[in-house]
K.L.:
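This is the structure I want to talk about, given as structure tokens.
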Amino acid sequence: MEQTGKEATREASEQVSNEFKTLVDAQDLDSLKQLQHLILGRLQDGNAVLSHFNEFSENCFAEVAGDFSRHTRLLRSMKSDLEYIFQKLRSVKSRILATYPDAFSDDSKQEVLDQRPDLEMPR
């Protein structure tokens, strides 16, 4: 009984397949196949170009990675040095103002906010 059920299913699917073939033109199917092969070729070419570019970029980055890290350390060191200098300048200025209140013009007595950009914050 199971065998006859499988045969009936196979015959029905063959019949549906044959009916479907009559609905679609063979030239249209060939045209679709050609277009799919053309698109596949273009995608493979694009992937090859991207792979080559990725390898090239990886090699270039490997060459300059040491310089980047060295320059980053230098910039961080310079930043901490400048912060220390500005802190000392504010300290000296406040001592001068405490000792000589008329040393600076009235405009400079107002607290000036630090307007330097924070380089660690993304834009």
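Computed from heavy atoms alone, side chains included, the values below leave out hydrogens, waters and symmetry copies.
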K.L.:
Could you check whether any side-chain N or O of T99 sits under 3.5 Å from a backbone N or O of R95, counting only pairs where one atom can act as donor and the other as acceptor?
P.N.:
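Checked: pair present.
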K.L.:
Looking only at heavy atoms, which two atoms of S80 and S77 are closest? And how far apart?
P.N.:
OG-O, 2.9 Å
K.L.:
Going from NZ on K79 to CZ on R76, what distance comes out if it is rounded to the nearest 0.5 angstrom?
P.N.:
9.0 Å
K.L.:
So N54 and E58, do their side chains get closer than 4.5 Å, heavy atoms only?
P.N.:
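With C-beta onward as the side chain, the pair stays apart.
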K.L.:
Distance from L38 atom CG to Q34 atom CD, nearest 0.5 Å?
P.N.:
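The distance works out to 9.5 Å.
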K.L.:
Verify the cluster assignment for L82 and L89: are they in a single hydrophobic cluster under the rule of side-chain heavy atoms below 4.5 Å apart?
P.N.:
yes
K.L.:
Enter the distance from T9:OG1 to K6:NZ here, rounded to the nearest 0.5 Å.
P.N.:
9.5 Å
K.L.:
Measure the CG-CG distance between L40 and L35 for me, rounded to the nearest 0.5 Å.
P.N.:
12.5 Å
K.L.:
May I ask whether L75 and F68 are part of the same hydrophobic cluster, defined by side-chain heavy atoms of I, L, V, M, F, W, Y residues being less than 4.5 angstrom apart, directly or through others?
P.N.:
no
K.L.:
With rounding to the nearest 0.5 Å, note down the distance linking CG in L50 to NE2 in H52.
P.N.:
11.0 Å
K.L.:
To the nearest 0.5 Å, what is the distance between NZ on K33 and OG on S31?
P.N.:
11.5 Å
K.L.:
Please report the C-alpha distance between D67 and R70 in whole Å, then the side-chain angles of each, then the deciding distance to 0.1 Å, and finally whether the side-chain contact (heavy atoms from CB on, under 4.5 Å) criterion is met.
P.N.:
CA-CA 5 Å; D67 291 338; R70 198 176 42 225; 2.2 Å; yes
K.L.:
Is D45 salt-bridged to R42, cutoff N-O under 4.0 Å?
P.N.:
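Here D45 does not pair with R42 in a salt bridge, since their nearest N and O are not under 4.0 Å apart.
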K.L.:
Only one of L23, D28, L29 forms a side-chain contact (heavy atoms from CB on, under 4.5 Å) with D25, so which one is it?
P.N.:
D28
